[in-house]
Asker: 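Quick one: this structure, given as structure tokens, is what I'll be asking you about.
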Amino acid sequence: MLKKDKEINYDWLLKTRTGEKWNKLGIQRRAGVCVPLFSVYSDKSIGTGEIPDIRLLIDWCRLAGLSVLQLLPLNELGYDFSPYNSISTFALEPMYLSLSKLVDVELKPFSKAISDLSAKYSPGGDRINPEVKNAKIEMLRKIFYDASRNSLSFLKFKETNMHWLRYYALFRVIADINKGKEWMEWDVMDKYLSPSRIQKITETRSDELEFCYWVQWQLFEQLRDVSAYAKKKGVLIMGDLPFLVSRNSADVWAYKNYFKLHLSSGAPPDMYFAKGQKWGMPPYDWGNIRADHYSYIRSRLKYAENFYDMYRIDHFVGLFRLWTVNADASLNDESVEGQFDPPHEQLWSEHGREIISIMNECTSMLPCAED
């Protein structure tokens, strides 16, 4: 017979490699809920669920006796609007920003315009209107040019996060210069950015770069505020961190050596997909990431730590081995072939354990493996 829950002893968790994290969060048995933010909206939302709406969800969790709130990825969406094919492993999605909760700005001159936007893109319905993102960004741009940029909080945010903000903003600005083309189709001077090109863009498009920083700071402030509210209410927030990032992303463009661009990640053949799956995102070049002391992975987790108590490791088995095919291969080709990376099974355990150890040691968040 199964023991009653109150008789089950979870103390063994405190002796595992994540013991300190379990001790911090507590080892009692918990229940929770998993939601995509875009589907959880309030009557104050514009077009989609917004970050401050999470507060209402936290209140509901308390009433329902739930203490874990898992949010599907909040990373900035790619051009296919897939939450697992983001254009940055750091940047948050501007569509989730609440215009009425912006910090260090005078919103009164924009109150009617925000109200009109809310009426035009009222939440609800079967689908999210993708136009709401561009509409919000245009409104944010108007507010930005009227806002002070000397906030100590904003300056500190830039100083702390410039290691990723710089390349993210450059990617966004250069994408606009190239009229939305994928970076693989950009001119050579933009595809392989030189210091002189960076200097020229910084000088001629400084406002556009600053706008990207400012929007990400506003998102940072709103999500951090929600995180503090969750702690006050005793609800743990679990972030969902996508395993891979879009081929057309700031990360891949800026750190080409961290990815195997000639390959595409996917899943091996099974009873549902006779030829396997091709996802499109490039697999990591773990050799180069390791040579750089896993700084990319460490930085990613340290940023997520601002918001989450726990994090879901998407495609956990992919840390041990990942199915890959040639990037230009078509699954309609009868001769298409793929292989695992690393290719030799005897390497999988050591390969995955090393990455997991690094992930565990560089953050206070409790890791939770998918499947």
Side-chain angles (χ1 to χ4, degrees), residues 1-37 39-40 54-75 83-84 223-243 267 286 294 297-322 345-371:
M1 293 179 62
L2 293 175
K3 295 181 180 180
K4 293 181 179 179
D5 183 53
K6 65 180 181 180
E7 298 175 355
I8 297 177
N9 191 327
Y10 295 106
D11 287 348
W12 63 272
L13 290 169
L14 302 177
K15 300 177 183 179
T16 64
R17 294 188 180 186
T18 55
E20 289 185 8
K21 298 172 175 61
W22 280 112
N23 187 53
K24 176 184 174 183
L25 299 182
I27 55 174
Q28 69 269 29
R29 192 170 183 177
R30 298 176 180 273
V33 64
C34 173
V35 297
L37 179 54
S39 70
V40 187
I54 299 173
R55 280 173 161 258
L56 302 176
L57 195 57
I58 291 168
D59 292 339
W60 177 81
C61 285
R62 288 283 295 173
L63 292 171
L66 306 177
S67 61
V68 179
L69 171 57
Q70 180 183 337
L71 298 168
L72 264 62
L74 298 180
N75 302 75
Y84 294 96
L223 190 54
R224 193 172 62 162
D225 178 74
V226 163
S227 177
Y229 185 76
K231 284 181 172 61
K232 180 180 177 182
K233 295 293 184 176
V235 174
L236 303 175
I237 297 184
M238 183 193 298
D240 190 343
L241 306 187
F243 174 60
W286 287 112
Y294 292 95
I297 302 299
R298 294 176 188 274
S299 297
R300 179 188 189 190
L301 292 175
K302 290 305 290 184
Y303 189 64
E305 194 176 277
N306 287 296
F307 318 118
Y308 308 129
D309 305 289
M310 316 157 73
Y311 68 101
R312 171 185 177 271
I313 303 177
D314 174 44
H315 197 55
F316 182 76
V317 70
L319 297 179
F320 294 85
R321 88 293 184 275
L322 180 66
E345 186 174 351
Q346 61 268 31
L347 299 176
W348 294 351
S349 178
E350 180 182 354
H351 175 73
R353 287 174 182 273
E354 179 180 351
I355 298 169
I356 294 167
S357 294
I358 294 295
M359 294 173 73
N360 185 49
E361 74 178 33
C362 71
T363 176
S364 63
M365 296 183 294
L366 178 70
C368 303
E370 178 199 16
D371 299 335

Asker: So which atom in P36 and which in S39 form the shortest heavy-atom distance, rounded to 0.1 Å?
Answerer: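 P36 and S39 have their closest heavy atoms at O-OG, 2.9 Å.
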Asker: Please say whether more than 12 non-hydrogen atoms of neighbouring residues, nucleotides or ligands are located less than 6.0 Å from CD in Q346.
Answerer: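 Enclosed: over 12 neighbouring heavy atoms sit under 6.0 Å from CD of Q346.
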Asker: Working note: L66 + W60, criterion side-chain contact (heavy atoms from CB on, under 4.5 Å); need CA distance, chi angles, decisive distance, verdict.
Answerer: CA-CA 8 Å; L66 306 177; W60 177 81; 3.6 Å; yes
Asker: Is it the case that the side chain of Q70 and the backbone of M238 share a donor-acceptor pair, with hydrogens and angles ignored and the cut-off at 3.5 Å?
Answerer: no
Asker: Does R30 CZ have over 12 foreign heavy atoms under 6.0 Å away?
Answerer: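 Above 12, so yes.
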Asker: So does Y303 get a backbone contact from the side chain of N306, meaning a donor-acceptor N/O pair under 3.5 Å?
Answerer: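 Yes; at least one donor-acceptor contact below 3.5 Å.
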Asker: Please check if the number of heavy atoms outside K24 that lie under 6.0 Å from its NZ is greater than 12.
Answerer: no
Asker: If the condition is side chain to side chain donor-acceptor pair (under 3.5 Å), which residues does W22 pass it with, not counting sequence neighbours?
Answerer: T18
Asker: Using a 4.5 Å cut-off on heavy atoms from C-beta on, say whether the side chain of L74 contacts that of F307.
Answerer: no
Asker: With heavy-atom distances below 4.5 Å as the criterion, would you say the side chains of E370 and I313 are in contact?
Answerer: no
Asker: A quick test of your reading: do over 12 heavy atoms of other residues, nucleotides or ligands sit less than 6.0 Å from CD of E361?
Answerer: yes
Asker: If only atom types and distance count, is the side chain of S227 paired as donor or acceptor with the main-chain N or O of L223 below 3.5 Å?
Answerer: no
Asker: Look up atom OG in S357 and atom OH in Y294, then write down how far apart they are to the nearest 0.5 Å.
Answerer: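 Atom-to-atom, S357:OG and Y294:OH are 9.0 Å apart.
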Asker: Can you find a side-chain donor-acceptor pair between Y84 and D240 that sits under 3.5 Å?
Answerer: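 Indeed, the side chains of Y84 and D240 share at least one donor-acceptor pair under 3.5 Å.
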Asker: Would you say the side-chain atoms of N360 pair up with the backbone N or O of R17, donor to acceptor, closer than 3.5 Å?
Answerer: yes
Asker: Using a 4.5 Å cut-off on heavy atoms from C-beta on, say whether the side chain of I356 contacts that of F320.
Answerer: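 Touching, per the 4.5 Å side-chain cut-off.
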Asker: Would you indicate whether the side-chain heavy atoms of P73 and L241 approach each other to under 4.5 Å?
Answerer: no
Asker: To the nearest 0.5 Å, what is the distance between OH on Y308 and CD1 on I237?
Answerer: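 If we round to the nearest 0.5 Å, Y308:OH and I237:CD1 are 8.0 Å apart.
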Asker: Looking at every non-hydrogen atom in both residues, tell me the closest pair between I355 and L319 and how far apart they are.
Answerer: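 Answer, listing the atom of I355 first, then L319: CD1-O, 3.7 Å.
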Asker: Does K233 use its side chain to pair, donor to acceptor, with the backbone of C61 at less than 3.5 Å?
Answerer: no
Asker: Within the 4.5 Å heavy-atom criterion, are V35 and L57 side-chain neighbours or not?
Answerer: yes
Asker: Would M365 and M310 satisfy side-chain contact (heavy atoms from CB on, under 4.5 Å), going step by step from the backbone distance to the final call?
Answerer: CA-CA 5 Å; M365 296 183 294; M310 316 157 73; 5.8 Å; no
Asker: Measuring from M359:CE to L301:CG, what's the distance to the nearest 0.5 Å?
Answerer: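 Reported value, rounded in 0.5 Å steps: 5.0 Å.
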Asker: If we check side chain to side chain contact (heavy atoms under 4.5 Å, CB included) with I54, which of these qualifies: D59, D225, V235, L71?
Answerer: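 Checked D59, D225, V235, L71 against I54; only one passes side chain to side chain contact (heavy atoms under 4.5 Å, CB included): L71.
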Asker: List the residues meeting side chain to side chain donor-acceptor pair (under 3.5 Å) with R62, not counting sequence neighbours, and say none if there are none.
Answerer: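 Scan of R62 (side chain to side chain donor-acceptor pair (under 3.5 Å), adjacent residues dropped) gives none.
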Asker: Return yes if a side-chain donor-acceptor contact under 3.5 Å exists between R353 and S349, otherwise no.
Answerer: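 Yes, S349 and R353 have a side-chain donor paired with an acceptor closer than 3.5 Å.
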Asker: Is D314 reaching over with its side chain to a backbone N or O of P242, donor-acceptor style, under 3.5 angstrom?
Answerer: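 No; judged by distance alone, with no hydrogens or angles, the pair does not exist.
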Asker: First locate atom NZ of K21, then atom OG of S364, and finally report the distance between them rounded to the nearest 0.5 Å.
Answerer: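 So the gap between those two atoms works out to 7.0 Å.
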Asker: For N9 and D11, which heavy atoms make the closest approach, and how far apart are they?
Answerer: OD1-N, 2.7 Å
Asker: Measure the CG-CD distance between L14 and E20 for me, rounded to the nearest 0.5 Å.
Answerer: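 CD of E20 is found 10.5 Å from CG of L14.
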Asker: Do the rings of W286 and H351 sit parallel, tilted or perpendicular, given the 30° and 60° boundaries?
Answerer: perpendicular
Asker: Is there a donor-acceptor pair under 3.5 Å between the side chain of D309 and the backbone N or O of L236?
Answerer: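 Judged by distance alone, no pair lies under 3.5 Å.
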